[in-house]
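Before any comments, here is the structure.
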2 protein chains.
Amino acid sequence: MSRWLMVKKAAPAPRREDSLSRDRIVDVAIELLDAEGESGLTFRALAGRLATGPGAIYWHVANKGELLTATCDAIVGRTMTIAVAGESPETDIRALALGLFDAIDAHPWVGSALTRAPGQLPAVRILEGLGQALCALDVPAERQWPTMSALLSYILGVAGQNAANAHVGRTLGTDRLAFLSSVAATWSELDEEAFPFVRSMAGPLREHDDRADFLAGIDLILGGVRGQATG
Amino acid sequence: MSRWLMVKKAAPAPRREDSLSRDRIVDVAIELLDAEGESGLTFRALAGRLATGPGAIYWHVANKGELLTATCDAIVGRTMTIAVAGESPETDIRALALGLFDAIDAHPWVGSALTRAPGQLPAVRILEGLGQALCALDVPAERQWPTMSALLSYILGVAGQNAANAHVGRTLGTDRLAFLSSVAATWSELDEEAFPFVRSMAGPLREHDDRADFLAGIDLILGGVRGQATG
DNA sequence: ACCTGAACACCGTTCAAGT
DNA sequence: ACCTGAACACCGTTCAAGT
């Protein structure tokens with residue numbers, strides 16, 4: 001075919017369309033994580049999808065930890081740039097938190113990546129959003145750190161459990177309801193002397209709504225913030 | 001030596017003092033995790049300390065996940081049996097949470113193990129303690145699940161970050177202060193247009209007290225619970 | 001019933017060698 | 001400058017073979 005000649009005559013493209021780059025690696029890593037779960041992200045699998053050897057990736061990314069943080073940040077960055085300027089700072093916090101919840105629900109691996117990179121860019125983005133809202137809420141300066149910290153810990157806690165549930169569900173090959181039902185069954189068979197309360201929670205466990213519960217927790221913390229302001 | 005003869009004549013001991021058992025495996029696993037961190041728990045290293053082959057462990061434990069949950073449960077079980085019957089349900093929750101915090105602070109790997117086994121025995125113990133206190137707090141039945149859930153998520157969030165910090169600190173080979181200082185330095189160099197708030201938190205980050213912040217978060221949630229009761 | 005340890009099928013990471 | 005891919009030093013897990 002004359003295609004070869006044409007290529008030869010074309011202006012030397014600075015880079016092949018499908019050449020390696022940090023961004024392309026991150027994009028394919030996200031695809032892989034979404035499709036195969038956390039254990040699916042492998043330098044070999046990634047190299048396969050990128051049509052190179054595993055060593056090539058190390059030219060653009062220092063190690064697996066950095067890769068995971070970068071993929072996590074791609075998702076979190078996308079989510080946080082959806083600017084929130086609602087009717088009140090509390091509404092902003094709720095919107096920010098829900099946006100994050102939905103992103104993590106769609107990409108459960110973000111939950112564990114977020115936890116494993118404390119103080120890194122993904123967490124910084126979240127902290128900034130929370131902090132600005134807390135300023136608008138007139139939280140006094142010396143209360144800002146602990147309040148922001150509590151909100152972040154709570155969000156990370158939910159995110160982590162979300163990731164863990166997804167992981168267990170995947171390895172068991174069952175869907176959410178089947179998984180919850182089997183845990184609920186275990187709970188109802190617990191010793192009734194030692195675990196009366198958890199036994200009674202088998203029903204709620206099966207029927208609960210993760211998203212609504214998450215928001216309820218945010219509201220609990222915001223309620224506490226309001227209570228502290230009042231005195 | 002005649003020791004061999006004596007052994008032959010002795011009543012056949014049902015088990016060698018140092019023979020394998022689930023409990024012994026769990027004990028040594030805890031030693032290993034405390035000494036070497038999360039990545040130090042290996043079937044080979046464990047077998048080494050137990051003076052057997054890696055295969056032997058599988059007779060007593062199904063897989064690594066079960067082993068980690070069992071070691072986690074050993075610590076959590078110990079912590080939760082320190083019965084709390086303080087002056088008020090709120091005091092009980094605070095005592096329970098602080099007991100857990102201190103245990104996780106002493107054994108950071110418990111944090112990630114806890115997150116990775118949702119609905120399993122370790123989490124059940126915590127839920128039971130929290131739930132009973134919430135009943136005593138007169139939290140109405142339909143609010144018990146989300147409230148308990150929020151408290152657990154917050155605790156797991158702090159626990160997970162604690163584990164992550166310990167892991168990063170270990171791989172970097174730096175102590176807590178050095179680690180915090182380096183993160184704080186990164187924060188103060190962030191873009192001041194995009195991250196004014198996080199920049200201002202570099203100081204608090206360096207000086208904060210994890211334990212006090214943790215308790216402040218618990219109090220925030222309890223404040224929210226109180227606020228909901230009032231109306 | 002319980003233990004042994006070689007073997008299997010993977011990992012992340014490195015690095016000489018290529019272009 | 002960037003890519004290749006074999007090689008290294010590990011993993012968790014299995015399983016025939018032993019006692």
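Because the structure is predicted, anything quoted here is derived from the model rather than measured. Each chain gets a letter, A, B and so on, in the order its sequence line appears, and its residues count up from 1.
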State the pairing partner of dC11(D); accept Watson-Crick or G-U wobble contacts with both distances under 3.5 Å, and report none otherwise.
none

Report the distance from atom CD1 of Ile25(B) to atom P of dC3(C), rounded to the nearest whole Å.
8 Å

Measuring from the side chain of Phe43(A) (C-beta onward, heavy atoms only), which nucleotide among dA6(D), dG12(C), dC3(C) has the closest atom?
dG12(C)

Report the distance from atom CG of Leu46(A) to atom C1' of dC10(C), rounded to the nearest whole Å.
17 Å

Could you tell me how far apart Leu50(B) (CG) and dT4(C) (P) are, to the nearest whole angstrom?
10 Å

Ion pair check, Glu31(B) and Arg24(B), cut-off under 4.0 Å:
no

Any side-chain donor paired with an acceptor under 3.5 Å for Thr115(B) and Gln161(A)?
no

OP1 or OP2 of dC2(D) less than 4.0 angstrom from a side-chain nitrogen or oxygen of Trp59(A), does that happen here?
yes

Comparing nearest nucleotides in DNA chain C, the 5'-proximal residue of the pair Ala62(A), Ser39(A) is Ser39(A)

Rounded to the Å, how far apart are Leu68(B) CG and dG12(D) P?
11 Å

Indicate yes or no: does Glu66(A) engage Arg22(A) in a salt bridge with an N to O separation below 4.0 Å.
yes

Among dC3(C), dG12(C), dA7(C), the nucleotide that comes nearest once only the side chain of Tyr58(A) is considered
dG12(C)

For the pair made of NZ in Lys64(B) and P in dT14(D), what is the distance, rounded to whole Å?
15 Å

Salt bridge present between Asp191(A) and Arg199(A) (N-O < 4.0 angstrom):
no

Across all strands shown, which nucleotide pairs with dA16(D) by Watson-Crick or G-U wobble geometry, both distances under 3.5 Å?
dT4(C)

Is Thr42(A) near enough to dC11(C) that one of its side-chain N or O atoms lies under 4.0 angstrom from OP1 or OP2?
yes

Of the listed nucleotides (dC3(D), dG5(D), dG12(D)), which one gets closest to any side-chain atom of Arg44(B)?
dG12(D)

With respect to the side chain of His60(B), which nucleotide from dG5(D), dC11(D), dC3(C) is positioned closest?
dC3(C)

Reckon Ile57(A) touches a base, only the sugar-phosphate, or nothing at all at heavy-atom distances under 4.0 Å?
nothing

Mapping Ala56(A) and Pro54(B) onto DNA chain D by nearest heavy atom, which one lands closer to the 5' end?
Ala56(A)

Derivation of the ring-ring contact (aromatic ring centres under 6.0 Å, His included) call for Phe101(B) and Phe214(B)
CA-CA 8 Å; Phe101(B) 179 89; Phe214(B) 171 68; 5.1 Å; yes

